[in-house]
Amino acid sequence: MEKGTLIEFRLHGERRLAVAECPDGKKNWKVTDEQGLSHSIPPRQLSYEVKGATYKPSEIALFKKEIQPYLDPSSLEVAWEFLVEENQSVEPAEMAQLLFSDKTPAQCYAAYYLLSEDKLYFKQKGDRYEPRSAVMVAELKHQQEVEKQRQQEWQEFLERVQHRLCGKLVEWQTSDRVRIEALERVAALGDEASHRAPALETLAALKRPETPQGAFQLLVDLGQWTVHENLSLRRSQTPTHFSTKVLDVAQSCLNSPPPDPDTNRLDLTHLKVYTIDDESTQEIDDGLSLEYLEDGRERLWVHIADPTRLLSPGDELDLEARRRSTTLYLPTGMIPMFPPELATGPMSLVQGRICYALSFGIILDETGGVREYTIHPSSIKPTYRLTYEDVDEMLHLDLQTEPEISAIAQWAKRRQKWRLSQGAISISMPEAIIKVHEDDITIDVMEDSPSRHLVAEMMILAGEVAARYGQTHSLALPFRHQPQPELPSDEELILLPAGPVRACAIRRCMPRSEMSITPARHASLGLDTYTQVTSPIRRYTDLLAHFQLKAHLRGDPLPFSTEQMQELVMSVSAAVKEATSVERQTQRYWGLEYLRRHTNEVWQALVLRWLREDDNLGLILLEELGLELAWRFPRPVALGERLEIKVSYADPRKDEIHFQELIAQSAHHAAH
């Protein structure tokens, strides 16, 4: 290289022009750029030598001006069309001759510049440039178009986001959903989220923290989520909406119900039928009757809604219910197993309408044991829709106009006494009923009541009868059973205060109830065999039991084989477990949020049990709310002791709550 040679070199990826001055060491050259700055250039940094002339640093600006008219990238396409046909490669000087009909130093550099910038028509091979194939050029053009479109959509998305953040209404586009859903995944699942890149790109562009909390806050600011978004529900596999296809099938069912497979339904419309539920209940799936027989005996009837009348195993509605496995009951509302139009309409036992049911007619002996029973697909006409409070009042007043209610209540008491004699274990704990309506939280405590006992006993009775029938006829049903617990001794229990503390000690020893297709003893219910059949609108395993029982009663082949039932029970159990976890976490979130809003309230806390006694960590019960919470006690306490406490800090999103005990002259703080 001679002194005065104009060269191009790269500095941090940027093109620079400079004039060679002299060698610098064995391999480097000292060069001067147009600003007069000196650089030592190794050979690998040198990208082009302008041949055929020498220059001074002060002439670089003129050279740049000279090449400008030649730098039209579109001119390359014409050259490419000619060269690809000839399958011929070129060097910059040859390209200059082809493009500009000459090859002055400026034209050669311009040709080199165009070729080195080109990402479409040519690829470099040594010092020469080969034309890409027509197929490859078409593919690259398509990719460029796609990228251009993506960039345009990205910029428009950012504009809509900025408008929304300024409080303006925007209409989100279909393409925006990918980015919003990515933000939702990161906010809910954090590092475990798949396809995080669009979310992180959005957060970075908006200079927001690239964290789950940053994604959560952005979704709130955009009005996509509320500050109380249910993350446990978001993390679960639970569907929150029905597909258009399922809703269409439901509508079709409403418009023209399928033929009833049970043509020999028992007509029980002459019976007085009571449905007893909470006032807010919409899916009414059970009713009770008492029939006076000619021989003086009384027959109890437990009528269960018959949703299988409207669906078949494996159809769209059945598969959707199977996928959901259960109706979710959350403080903010329920997420039903069936489309609401069906669940609260033709599937429910609606007062005054002729409804389809699966009816269990049962005669008990004097002690409360089952003497005889019968099971029928039936037609009934619910007479009264009652709340638990209504029934409690009727029982309290002993209304002579409704003697059936009092008689059913007496049978329920007898029935409970019989189960206790069979080893049943009764645990009574206050339970919080949390409701959220338009950000207003209310908490009621569900206590035992005669009406709730009455309904519970009748449902357990129907479950025992269904299981007996299944066992007698060797049907594959989802039987429930529970191992015998190792309970504290009477001597140990007597040392504990009666009420919640003692009940909590017993509850702690209770093994989980399990489900299988073979009957086995259910310890806490005191039954040798048991299955759940009383909530087929909101529990899929109950629906399975109905399918099997009704098919057998008709004399049809069972819809599910032993192997199929085993498989279904396992998969549905996993889904129910997840749904139960969502219910529990959501309940806890709103319980903590309620306490966060009531930091000035003084609460009565009952010390229930130790979690880690050596660490002073125990479980307390806020009796007015029915909430159980962990607390590290600030001082030694005894089980059953009552403390007055206030909330000093609560963050439901972090699942944290701190209390302080109110004691004269001092306040103790603790946290978990």
Side-chain angles (χ1 to χ4, degrees), residues 150 153-154 157-158 160-161 164-165 172-243 319-320 322-335 337 436 512 540 567 570-593 596 611 629-630 650-657 671-672:
R150 195 190 81 82
E153 286 177 356
W154 166 237
F157 170 70
L158 287 179
R160 283 190 287 275
V161 166
R164 189 71 191 90
L165 293 174
W172 298 110
Q173 304 300 304
T174 308
S175 56
D176 299 340
R177 282 309 312 163
V178 174
R179 294 185 175 279
I180 291 170
E181 283 168 8
L183 285 167
E184 290 173 347
R185 282 194 297 274
V186 169
L189 301 169
D191 292 341
E192 292 175 27
S194 59
H195 309 301
R196 299 166 71 235
L200 301 180
E201 186 182 27
T202 303
L203 292 166
L206 297 170
K207 296 182 170 51
R208 298 270 184 139
E210 293 171 46
T211 61
Q213 294 77 16
F216 184 95
Q217 192 54 52
L218 177 56
L219 288 163
V220 172
D221 294 345
L222 291 173
Q224 293 294 303
W225 281 8
T226 71
V227 289
H228 299 298
E229 193 68 28
N230 191 334
L231 290 187
S232 58
L233 182 59
R234 290 261 173 196
R235 291 182 191 117
S236 77
Q237 300 297 307
T238 307
T240 52
H241 296 94
F242 289 97
S243 69
L319 293 178
E320 182 69 12
R322 190 181 301 178
R323 193 160 68 100
R324 291 167 178 262
S325 76
T326 183
T327 291
L328 249 70
Y329 292 95
L330 305 176
T332 45
M334 70 170 190
I335 300 172
M337 188 171 83
V436 179
R512 285 180 182 277
Y540 188 73
E567 206 174 292
M570 284 175 68
S571 68
V572 170
S573 295
V576 168
K577 190 176 178 183
E578 184 176 53
T580 305
S581 173
V582 169
E583 285 179 338
R584 189 173 60 247
Q585 289 173 44
T586 308
Q587 184 93 346
R588 180 173 169 82
Y589 176 92
W590 285 106
L592 295 188
E593 176 62 16
R596 187 189 70 79
L611 297 171
L629 299 156
D651 186 338
R653 189 59 70 201
K654 292 181 181 173
D655 194 32
E656 287 180 16
I657 187 159
H672 86 279

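Predicted model, so just to flag it, every value in this text is computed and none were measured.
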Visitor: Taking only residues two or more places apart in sequence, or in another chain, which ones meet L222 in a side chain to side chain contact (heavy atoms under 4.5 Å, CB included)?
Guide: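 With sequence neighbours excluded, L222 shows a side chain to side chain contact (heavy atoms under 4.5 Å, CB included) to V161, R164, L165, W172, L218, Q224, given in chain and number order.
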Visitor: How many angstroms lie between CD in Q217 and OG1 in T211, if you round to the nearest 0.5 Å?
Guide: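 Answer rounded to 0.5 Å: 10.0 Å.
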Visitor: Would you check, one step at a time, whether the test side chain to side chain contact (heavy atoms under 4.5 Å, CB included) holds for L219 with I180?
Guide: CA-CA 8 Å; L219 288 163; I180 291 170; 4.2 Å; yes
Visitor: Residues two or more places apart in sequence or in another chain: which of them pass side chain to side chain donor-acceptor pair (under 3.5 Å) with E153?
Guide: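 Testing E153 for side chain to side chain donor-acceptor pair (under 3.5 Å), a comparison that skips the adjacent residues, returns Q149.
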Visitor: Which distance, rounded to the nearest 0.5 Å, do you find between the CG of L203 and the CZ of R196?
Guide: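 If I round to the nearest 0.5 Å, the distance is 10.0 Å.
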Visitor: List for me each residue that meets salt bridge (Lys or Arg N to Asp or Glu O under 4.0 Å) alongside E210, sequence neighbours excluded, and say none if there are none.
Guide: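 For E210, no residue satisfies salt bridge (Lys or Arg N to Asp or Glu O under 4.0 Å) once neighbours in sequence are set aside.
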Visitor: List in chain and number order the residues that pass side chain to side chain donor-acceptor pair (under 3.5 Å) with E192, two or more places apart in sequence or in another chain; answer none if no residue qualifies.
Guide: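 Expected list: none.
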Visitor: What are the two closest heavy atoms between V227 and Y589, and how far apart are they?
Guide: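 Heavy atoms of V227 and Y589 come nearest at O-OH, 3.8 Å.
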Visitor: Please find the pair of heavy atoms, one from P652 and one from L592, that lie closest to each other, and give the distance.
Guide: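 Nearest heavy atoms, P652 then L592: CB-CB, 3.9 Å.
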Visitor: Mind checking side chain to side chain contact (heavy atoms under 4.5 Å, CB included) for P239 and listing every partner two or more places apart, or none if nothing turns up?
Guide: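 Applying side chain to side chain contact (heavy atoms under 4.5 Å, CB included) to P239 gives R323, R324.
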Visitor: Can you tell me if S581 and Q585 form a side-chain donor-acceptor pair at under 3.5 Å?
Guide: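 Side-chain D/A pair, S581 to Q585: present.
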Visitor: For the backbone of P198 and the side chain of T202, can you confirm whether one donor and one acceptor N or O come within less than 3.5 Å of each other?
Guide: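 Between the backbone of P198 and the side chain of T202 there is a qualifying donor-acceptor contact (under 3.5 Å).
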Visitor: Which heavy atom of S236 sits nearest to which heavy atom of L233, and what is that distance?
Guide: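 In this case the closest contact between S236 and L233 is OG-O, 2.8 Å.
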Visitor: With A205, which residues qualify under side chain to side chain contact (heavy atoms under 4.5 Å, CB included), at least two apart?
Guide: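 Checked A205 against side chain to side chain contact (heavy atoms under 4.5 Å, CB included); matches are W154, L158.
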Visitor: So for atom CD, which belongs to Q237, do other residues, nucleotides or ligands contribute more than 12 heavy atoms lying within a distance under 6.0 Å?
Guide: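 Open.
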Visitor: Quick one: does L189's side chain get under 4.5 Å of R234's, heavy atoms only?
Guide: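 Result no, sub-4.5 Å side-chain heavy-atom pair not found.
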Visitor: With rounding to the nearest 0.5 angstrom, report the CD to OG distance, E320 to S243.
Guide: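 If I round to the nearest 0.5 Å, the distance is 5.5 Å.
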Visitor: Are the side chain of R322 and the backbone N or O of V572 linked by a donor-acceptor pair below 3.5 Å?
Guide: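 Side chain of R322 to backbone of V572, a donor-acceptor pair under 3.5 Å: no, none is there.
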Visitor: Got a sec, which residues hit side chain to side chain contact (heavy atoms under 4.5 Å, CB included) with A199, two or more places apart in sequence or on another chain?
Guide: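 A199 satisfies side chain to side chain contact (heavy atoms under 4.5 Å, CB included) with A182, L183, V186 once adjacent residues are dropped.
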Visitor: Which heavy-atom pair separates L611 from A630 by the least distance, and what is that distance?
Guide: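 In this case the closest contact between L611 and A630 is CD1-CB, 3.7 Å.
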Visitor: Filter on ring pair (Phe, Tyr, Trp, His ring centres under 6.0 Å), then keep only pairs touching residues 195-219, sequence neighbours left out; what's left?
Guide: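 For residues 195-219, and leaving out neighbouring residues, the ring pair (Phe, Tyr, Trp, His ring centres under 6.0 Å) pairs sorted by first residue read F216-W225.
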Visitor: So, using salt bridge (Lys or Arg N to Asp or Glu O under 4.0 Å) as the criterion, who are the partners of R177 when residues are at least two apart?
Guide: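 Listed in chain order: E181, E184.
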Visitor: Taking salt bridge (Lys or Arg N to Asp or Glu O under 4.0 Å) as the test, write out the residues that go with R208, two or more places apart.
Guide: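 Testing R208 for salt bridge (Lys or Arg N to Asp or Glu O under 4.0 Å), a comparison that skips the adjacent residues, returns D221.
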Visitor: For residues 325-332, tabulate all N or O donor-acceptor pairs below 3.5 Å that involve a side-chain atom, not counting sequence neighbours.
Guide:
residue : atom : partner : partner atom : Å
T326    : OG1  : R538    : O            : 3.2
T327    : OG1  : M337    : N            : 3.1
Y329    : OH   : E283    : OE1          : 3.3

Visitor: Please tell me if the side chains of R653 and Q213 come closer than 4.5 Å, counting only heavy atoms from C-beta onward.
Guide: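 No, too far: nothing below the 4.5 Å cut-off.
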Visitor: Roughly how far apart are K577 NZ and R512 CZ, rounded to 0.5 Å?
Guide: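 With rounding to 0.5 Å, NZ (K577) is 6.0 Å from CZ (R512).
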Visitor: Which residues satisfy the salt bridge (Lys or Arg N to Asp or Glu O under 4.0 Å) test with R596, sequence neighbours excluded?
Guide: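 If we apply the salt bridge (Lys or Arg N to Asp or Glu O under 4.0 Å) test to R596, skipping adjacent residues, the hits are E593.
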